[in-house]
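Written out below as structure tokens is the structure these notes cover.
Positions are given from 1, in the same order as the sequence printed here. Basis for what follows: all heavy atoms, side chains included, without hydrogens, waters or symmetry-related copies.
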Amino acid sequence: MTADLNDETLALRLALGTGEILKGVRNVGLLRGEALGDAGDSQAQDWIARCLEQHRPDDAMLSEEAPDTKERLGMERVWIIDPLDGTREFASVRQDWAVHIALAENGKITHAAVGMPDLGTVFLTSEVRAVDGPATNRLVVSRNSPPKIGQFVADELGMELVTMGSCGAKAVSVILGDNDAYIHAGGQYEWDNAAPVGIAEAAGLHTSRLDGSKIVYNQEDPYLPDLLISRKNIAEKILAAVEKFHAGHGEYA
């Protein structure tokens, strides 16, 4: 472990550097669509892996863009990475894509950074605070795969349903007070939401599975299909609506 680079600083620099790599790959204008997303993913993953190898050689890594060797299961410290969350948004020059860097220690996120490169901002666990403004009465869900439960909860609670890209972008929108809650169902993996959950918890928001249970990271199967991030004062109402939906419809998606 590099003595002069603590975990918080490392997470921040990884998010910043990855954002610069991705913008560089995109901004020269030579690739488009899927080829652009693939190039960004691979180059960013290679750089992150090299940085972790040099600065945290004794830690494990779980990433969307790297093979999962399962060696991480016996380790206390695991970096959970998504170099590019929101590939479609990135490739179509939208702003709602993100870089996810998180450190899980014994299953809990202790340090996380969500970079929003097109906004020039990184949200860091040590600094983030939720905006305590008036409620917007908006519920945000995935733009690319909106779950059925999202519309049900919105209707039950009289909320406006809005859509966005990256999980990180949606979590940030709740932190900033643009939306009151974010629901996901229908499939995510640990790398999709580890960093967003980390910053949301640090900001003082409610985070859980849709059944209300705690989220635990570095599981043997990294599939993590559902998620709630919300203002604490409405979490119970949302979870009650979710339970009502589940009783009548079964699957959340």
Side-chain angles (χ1 to χ4, degrees), residues 5 9-56 61-68 79-103 112-124 127-128 138 140-146 162-176 178-179 182 184 186-200 222:
L5 193 65
T9 303
L10 179 56
L12 173 61
R13 293 188 184 180
L14 288 173
L16 287 169
T18 302
E20 291 302 311
I21 290 169
L22 291 167
K23 288 192 294 183
V25 169
R26 185 189 62 188
N27 291 349
V28 293
L30 294 176
L31 294 173
R32 294 181 180 177
E34 186 175 346
L36 173 58
D38 289 346
D41 271 329
S42 62
Q43 292 195 34
Q45 173 62 38
D46 181 68
W47 181 77
I48 292 169
R50 290 172 185 270
C51 290
L52 289 176
E53 183 179 356
Q54 179 169 332
H55 293 283
R56 296 294 187 272
M61 179 180 67
L62 173 65
S63 174
E64 181 176 20
E65 303 303 324
D68 183 7
W79 291 86
I80 304 178
I81 309 294
D82 191 347
L84 172 54
D85 187 64
T87 305
R88 294 182 188 178
E89 289 73 24
F90 167 77
S92 59
V93 200
R94 292 173 56 94
Q95 293 185 326
D96 49 342
W97 58 280
V99 175
H100 295 174
I101 308 291
L103 173 62
V114 172
M116 302 288 294
D118 279 344
L119 301 181
T121 304
V122 175
F123 292 83
L124 196 63
E127 301 175 352
V128 68
R138 287 198 293 262
V140 64
V141 298
S142 169
R143 185 172 72 92
N144 297 314
S145 54
V162 298
T163 64
M164 293 180 69
S166 162
C167 177
K170 292 191 281 286
V172 164
S173 78
V174 181
I175 290 171
L176 294 179
D178 297 330
N179 297 299
Y182 160 41
H184 184 85
Q188 280 185 348
Y189 290 83
E190 291 189 16
W191 48 76
D192 291 307
N193 59 50
V197 165
I199 63 167

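- Nearest heavy atom pair, residue Pro196 against residue Ala171, reads CB-CB, 3.7 Å.
- Put simply, the side chain of Asp38 never gets that close to the backbone of Ala35: no donor and acceptor are under 3.5 Å apart.
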| query | side chain to side chain contact (heavy atoms under 4.5 Å, CB included) between Lys170 and Asn179: does it pass, once the steps are laid out? | reply | CA-CA 8 Å; Lys170 292 191 281 286; Asn179 297 299; over 6 Å; no
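- Residues that satisfy the side chain to side chain contact (heavy atoms under 4.5 Å, CB included) test with Ala112, not counting sequence neighbours, are Ala102, Ile109, Thr125, Ala195, Ile199.
- In this structure, the side chains of Asp118 and Arg26 come closer than 4.5 Å at one or more pairs of heavy atoms.
- In this structure, Glu53 and Met61 have side chains that are not in contact, with every pair of non-hydrogen atoms separated by 4.5 Å or more.
- Annotation for Arg143: atom CZ counts as buried by contact number, over 12 foreign heavy atoms lying within 6.0 Å.
- Applying the side chain to side chain donor-acceptor pair (under 3.5 Å) rule to Asp46 yields the partners Arg50; only residues at least two apart in sequence or on another chain are considered.
- Across every non-hydrogen atom of Ser173 and Val140, the tightest pair is OG-CG1, 3.9 Å.
- Note: Glu127 CD to Leu12 CG = 7.0 Å, rounded to the nearest 0.5 Å.
- Put simply, OG on Ser63 and OH on Tyr189 are 13.5 Å apart, with the number rounded to the nearest 0.5 Å.
- Minimum heavy-atom separation, Gly40 to Val25: N-CG1, 4.1 Å.
- Screening residues 80-99 for ring pair (Phe, Tyr, Trp, His ring centres under 6.0 Å) gives Phe90-Trp97 as the qualifying pairs, with residues at least two apart or on separate chains.
- Closest approach of Leu31 to Ala39, counting heavy atoms only: CD1-CB, 3.6 Å.
- Identified under the salt bridge (charged side-chain N to carboxylate O under 4.0 Å, His left out) test for residues 90-102, with sequence neighbours left out: Arg94-Asp96.
- The shortest side-chain heavy-atom distance between Pro222 and Trp191 falls under the 4.5 Å cut-off.
- Minimum heavy-atom separation, Gly115 to Pro117: O-CD, 3.2 Å.
- With contacts defined as side-chain heavy-atom distances shorter than 4.5 Å, the pair Leu14/Cys51 qualifies.
- By the 4.5 Å heavy-atom criterion applied to side chains, His100 and Val114 are counted as neighbours.
- Not counting sequence neighbours, Thr87 has no partner by the side chain to side chain donor-acceptor pair (under 3.5 Å) test.
- In terms of heavy-atom proximity, Leu36 sits nearest to Ala91 at CD2-CA, 3.8 Å.
- No side-chain heavy atom of Asn193 sits less than 4.5 Å from a side-chain heavy atom of His184.
- Residues Leu10 and Leu103 fail the side-chain proximity criterion, which asks for heavy atoms closer than 4.5 Å.
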| Please walk me through it: do Ile101 and Ile48 pass side chain to side chain contact (heavy atoms under 4.5 Å, CB included)? | CA-CA 10 Å; Ile101 308 291; Ile48 292 169; 4.1 Å; yes
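- Side-chain atoms of Thr9 do not come within 3.5 Å of backbone N or O of Leu5 as any donor-acceptor pair.
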Sequence neighbours excluded and cut-off under 3.5 Å, please list the side-chain donor-acceptor pairs for residues 79-86, or say none.
from  : atom 1 : to     : atom 2 : distance (Å)
Trp79 : NE1    : Asp59  : OD2    : 2.9
Asp82 : OD1    : Leu84  : N      : 3.3
Asp85 : OD2    : Ser166 : OG     : 2.6
Asp85 : OD2    : Cys167 : N      : 2.8

